[in-house]
Amino acid sequence: MEGVEMPVRRLPAYLCLATVVVFLLIRAPLAAAWGPEGHAIIALIAETNMSSAALRKSKIILRGASLEDVASWPDEVVSLLPQTAPWHYIDIPLHDSTINFRTECRNGDCVLVKTDQFLAVLKDPNSRRSQKALALKFVVHFIGDLHQPLHCENNDDAGGNKREVVFEGHPDRLHWVWDTGLLQEINPNPQQLAAELERRITRQERTAWEKGSIEDWVMESHRLDQKIVYPDLGTRTPATIDSAYRRAADPVIERQLEKAGVRLGWLLNSDLN
Ligand code: ADE
Ligand code: ZN
Ligand code: ZN
């Protein structure tokens, strides 16, 4: 075959690069939250912790829909309502231990203040049903988001959205790994995982979790970034999500879903009017 030119079948380098970039963008939208699975699990746990009166009120407000039906709605409308994108997170610098509201929650556009505002709409006896429906959809979603540690920090990487890691042999974003990747590995069936997590919650845990403010829960998430999410990545870039990382991260994810579900149920039991 010497001297014979063979046709080149390889894709040009720029096309390969473009494919990888498009793949990453599709899998990791910037303002994403837990994926739909995480939000459904939290809603299901919340419903098992709600009184029959609160469940009845939520059904009336949502015109028959369940909490899991609406739990991911704020993510579905974020491109239609771009002003709501910053409501899903709060960018507290990783090494800070307090919130600077002026810089991290400008005009109240962050998950902490928006959750409190929408809870106030739910509580207000003068709110109309349509206002309560909107508020309830955001509360169900945002209580979930603020329990995802990466929604409560920034390490010059947009909450891990710009931090590349290797997950299951592929390049991915750290934020997507925590929203969706690890959770799908734990159990891809939200109903099954919700039931399993719910079974594990002890009475003492429930009592310990049913207290505090939205700000306390945001800071609790933030401390998980400082203790586990980032330090356990090590110093290699891109870091590989290996079995040691999974052993540290998976129980945190499970615990955060349990806490979010219990706390959401607790809030709705008192705030649904
Ligand atoms: N975009 C910018 N920062 C973010 C964060 N912490 N979480 C989700 N999306 C973000
Ligand atoms: Zn979200
Ligand atoms: Zn997210």
Side-chain angles (χ1 to χ4, degrees), residues 24-43 46 67-96 99-101 103-107 109-115 117-118 134-165 167 172-184 190 214-215 217-226 228-230 233 241 249 252-253 256-257 260-261 264:
L24 284 177
L25 285 177
I26 289 170
R27 288 189 79 174
L30 258 187
W34 295 110
E37 302 85 0
H39 285 289
I41 290 165
I42 292 163
L67 296 188
E68 62 274 23
D69 290 334
V70 301
S72 289
W73 176 83
D75 278 340
E76 289 155 19
V77 297
V78 79
S79 51
L80 294 172
L81 304 168
Q83 71 278 17
T84 66
W87 300 0
H88 294 245
Y89 57 87
I90 179 163
D91 276 346
I92 309 166
L94 180 62
H95 299 293
D96 286 7
I99 300 172
N100 180 338
F101 282 87
T103 54
E104 292 148 27
C105 194
R106 236 171 281 134
N107 306 316
D109 284 335
C110 70
V111 71
L112 195 173
V113 167
K114 284 295 155 193
T115 307
Q117 286 175 355
F118 284 123
L134 194 73
L136 182 53
K137 291 190 228 179
F138 278 117
V139 165
V140 171
H141 184 85
F142 291 158
I143 291 293
D145 276 354
L146 65 91
H147 282 81
Q148 206 283 50
L150 285 166
H151 279 247
C152 299
E153 74 83 43
N154 184 27
N155 190 24
D156 290 330
D157 61 357
N161 277 301
K162 295 184 182 162
R163 177 73 181 260
E164 192 186 309
V165 293
F167 180 72
D172 259 308
R173 302 291 184 202
L174 179 64
H175 192 102
W176 179 85
V177 167
W178 275 80
D179 269 351
T180 302
L182 290 167
L183 187 52
Q184 281 177 350
I214 304 294
E215 183 169 346
W217 304 340
V218 162
M219 291 315 294
E220 185 183 72
S221 276
H222 185 69
R223 287 189 291 275
L224 293 169
D225 293 305
Q226 297 174 326
I228 290 164
V229 179
Y230 282 89
L233 286 175
I241 304 301
V252 170
I253 289 172
Q256 288 300 96
L257 294 171
L264 176 60

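Reckoned from all heavy atoms, side chains included, excluding hydrogens, waters and symmetry mates. Start at 1 and go down the list; that is how both ligands and their atoms are numbered.
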ask   = Going by the atom numbers of ligand 1, which of them fall below 4.0 Å from some non-hydrogen atom of Asp91?
value = 2 (C), 3 (N), 4 (C), 5 (C), 6 (N)
inquiry  = Which atom name does His151 have for its N/O/S atom nearest to the Zn ion (ligand 3)?
reply    = NE2
task = Name whichever N, O or S atom of Asp179 ends up nearest to the Zn ion (ligand 3).
result = OD2
message = So if I count the atoms of ligand 1 from 1 in the order they appear, which ones are less than 4.0 Å from some heavy atom of Leu150?
response = 5 (C), 6 (N), 7 (N)
query = For ligand 1, which atoms sit closer than 4.0 Å to a heavy atom of Gly159?
reply = 3 (N), 5 (C), 6 (N)
key: Considering only N, O or S atoms of His141, the one closest to the Zn ion (ligand 2)   = NE2
ask   = Under 3.5 Å, side chain of Trp34 to main-chain N/O of Gly144, donor-acceptor pair present?
value = yes
key: Region of Glu153 engaging ligand 1 - heavy atom pairs below 4.0 Å   = backbone
ask   = Any N/O/S atom, backbone or side chain, of His39 lying under 2.8 Å from the Zn ion (ligand 2)?
value = no
ask   = Got a donor-acceptor contact below 3.5 angstrom from the Asp225 side chain to the Ile228 backbone?
value = no
ask   = Checking Gln226 side chain against Leu94 main chain: does a donor-acceptor pair fall under 3.5 Å?
value = yes
ask   = Vertex the Zn ion (ligand 2): angle to OD2 of Asp145 and ND1 of His88, to 10°?
value = 100°
query = Relative to ligand 1, is Ile90 under 4.0 angstrom through side chain, backbone, both or neither, heavy atoms considered?
reply = neither
Short side-chain to backbone donor-acceptor contact, His147 and Gly261, under 3.5 Å = no
task = Please round to the nearest 0.5 Å and tell me the distance separating atom CD1 of Ile99 and atom CD1 of Ile90.
result = 4.5 Å
request  = Could you check Trp217 against Ile143 for side-chain contact (heavy atoms from CB on, under 4.5 Å), going step by step and ending with a plain yes or no?
outcome  = CA-CA 9 Å; Trp217 304 340; Ile143 291 293; 4.1 Å; yes
key: Approximate separation, where rounding is to 0.5 Å, of Phe101 CZ and Leu112 CG   = 5.0 Å
query = Atom OH of Tyr230 and atom CD of Glu153: how far apart are they, to the nearest 0.5 Å?
reply = 3.5 Å
query = Can you find a non-hydrogen atom of Asn154 under 4.0 Å from ligand 1?
reply = no
ask   = What do you reckon, does Gln148 put a non-hydrogen atom under 4.0 Å from ligand 1?
value = no
ask   = Can you tell which of His39, His151, His88 makes a ring-ring contact (aromatic ring centres under 6.0 Å, His included) with Phe142?
value = His88
key: Among the N, O or S atoms of His175, the one nearest the Zn ion (ligand 3)   = NE2
